[in-house]
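The structure appears below as structure tokens.
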Amino acid sequence: MKKCLIDSSSAILLYKSGLFQTLMLTFDVRVGTTVYEELTYSGYPGCEQFKKYFQGKQLENRKNQGEEYCRHSMITVALDPGERQTLLLFQDGLADFIITDDGPAVRCCRKLAIPHINALLVPRIFRISGKISRKVCRQKMGKLTEIGRYSSYVIDYAWKCAASRLIFFCPEEMRKRGSVREMI
């Protein structure tokens with residue numbers, strides 16, 4: 001099963017859109033201790049459900065072994081604590097890719113060639129993988145567009161991105177079958 005690290009803003013968006021459960025069934029989802037604290041903080045959307053996910057071991061809380069050490073200064077300077085820890089955990093080899101909706105984190109991922117997607121692309125990946133129908137994909141993308149703070153460029157990219165660019169983020173079993181479903 002592919003491993004992904006997710007930050008709190010993306011986790012909350014996927015929770016609000018009803019996709020987080022599918023995410024956990026599809027990937028080995030991991031978060032750093034900072035993101036864990038953010039997700040389980042009283043008053044945050046879904047905090048009680050996230051606590052249940054952690055207690056039931058459906059969602060994994062990982063500590064960064066080398067947090068004090070970072071090979072790239074832009075990770076330590078440009079990011080908030082949750083996003084910084086997420087990228088550091090990736091640097092430690094704890095995931096295959098990152099899910100983040102934070103602009104500075106996305107820029108760091110691009111600069112450092114870290115595989116990443118945002119929450120708006122998750123329904124597309126589930127559609128390619130056959131986890132959801134075309135209709136559900138469109139509904140979920142619409143909901144995420146409504147509740148997220150996406151630029152028109154990001155929204156346009158999510159709707160028009162070629163399936164071939166998203167195959168890397170699909171579950172291993174789908175990649176082995178070699179099938180790609182029509183996107184949206």
Side-chain angles (χ1 to χ4, degrees), residues 1-123 125 140 143-151 154-155 157-158 168-169:
M1 186 177 273
K2 275 195 164 191
K3 299 177 226 43
C4 71
L5 284 157
I6 190 167
D7 65 17
S8 57
S9 60
S10 298
I12 291 169
L13 284 169
L14 292 172
Y15 170 78
K16 286 180 172 181
S17 68
L19 289 170
F20 200 82
Q21 187 76 30
T22 306
L23 184 74
M24 291 187 307
L25 293 171
T26 306
F27 300 108
D28 178 356
V29 182
R30 300 168 174 201
V31 300
T33 53
T34 304
V35 173
Y36 168 83
E37 290 166 3
E38 291 172 352
L39 291 175
T40 57
Y41 186 79
S42 291
Y44 265 48
C47 70
E48 294 305 317
Q49 188 59 50
F50 282 117
K51 287 178 186 176
K52 290 178 187 174
Y53 292 149
F54 286 113
Q55 289 168 352
K57 306 284 187 212
Q58 294 169 288
L59 188 56
E60 187 176 347
N61 175 15
R62 298 298 298 244
K63 292 183 181 178
N64 188 0
Q65 304 304 318
E67 183 148 354
E68 69 285 345
Y69 168 73
C70 178
R71 286 172 257 189
H72 305 286
S73 62
M74 79 181 294
I75 290 177
T76 57
V77 174
L79 303 177
D80 290 334
E83 286 76 19
R84 177 173 41 254
Q85 188 177 54
T86 299
L87 269 71
L88 289 170
L89 286 167
F90 181 87
Q91 181 183 12
D92 286 348
L94 295 177
D96 298 303
F97 66 95
I98 291 174
I99 302 174
T100 183
D101 284 85
D102 180 75
V106 168
R107 286 188 285 284
C108 283
C109 286
R110 282 188 193 133
K111 182 141 185 134
L112 302 173
I114 295 172
H116 66 284
I117 55 170
N118 60 36
L120 191 53
L121 288 169
V122 170
I125 290 161
K140 297 299 185 181
K143 177 72 173 173
L144 286 163
T145 299
E146 184 181 305
I147 63 175
R149 293 182 292 176
Y150 296 106
S151 69
V154 171
I155 293 167
Y157 178 82
F168 171 82
F169 302 100

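Everything numeric here is computed off the predicted structure, so don't read it as measured data.
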Nearest-0.5 Å distance that lies between atom CG in D102 and atom CG in N118: 11.5 Å

Student check: side-chain heavy atoms of C109 and L87 closer than 4.5 Å: yes

Separation between NZ of K16 and NZ of K143, rounded to the nearest 0.5 Å: 8.5 Å

Side-chain contact, heavy-atom cut-off 4.5 Å: Q49 with Y53? yes

Let me confirm one number: the CG-CD distance from L79 to Q85, rounded to the nearest 0.5 Å. 12.0 Å

Indicate the atoms forming the closest heavy-atom contact of A119 with S10, along with that distance. CB-O, 4.2 Å

Using a 4.5 Å cut-off on heavy atoms from C-beta on, say whether the side chain of C108 contacts that of K111. no

Do you know which two heavy atoms are closest between P123 and L19, and how far apart they sit? CG-CD1, 3.6 Å

Please give me the minimum heavy-atom distance between L39 and A11, naming the atom from each residue. CD2-CB, 3.8 Å

To the nearest 0.5 Å, what is the distance between OG1 (T26) and CD1 (I125)? 10.0 Å

What class does the angle between the rings of F20 and F50 fall in, given that below 30° is parallel, 30 to 60° is tilted and above 60° is perpendicular? perpendicular

Least distance between heavy atoms, E83 atom then D7 atom: OE2-OD2, 3.4 Å

Going from CZ on F27 to CZ on F169, what distance comes out if it is rounded to the nearest 0.5 angstrom? 9.5 Å

Heavy-atom check, side chain of T86 versus side chain of T100, under 4.5 Å: no

Is there side-chain contact between R110 and H116, with at least one heavy-atom pair below 4.5 Å? yes

Less than 4.5 Å apart, any side-chain heavy atom of E146 and any of S17? no

Are L23 and I99 packed together at the side-chain level, in the sense that at least one heavy-atom pair is separated by less than 4.5 angstrom? yes

As an exercise, state the distance from CZ of R30 to CG of L94, rounded to the nearest 0.5 Å. 6.0 Å

Just wondering, do D101 and Y150 contact through their side chains at under 4.5 Å, heavy atoms? yes

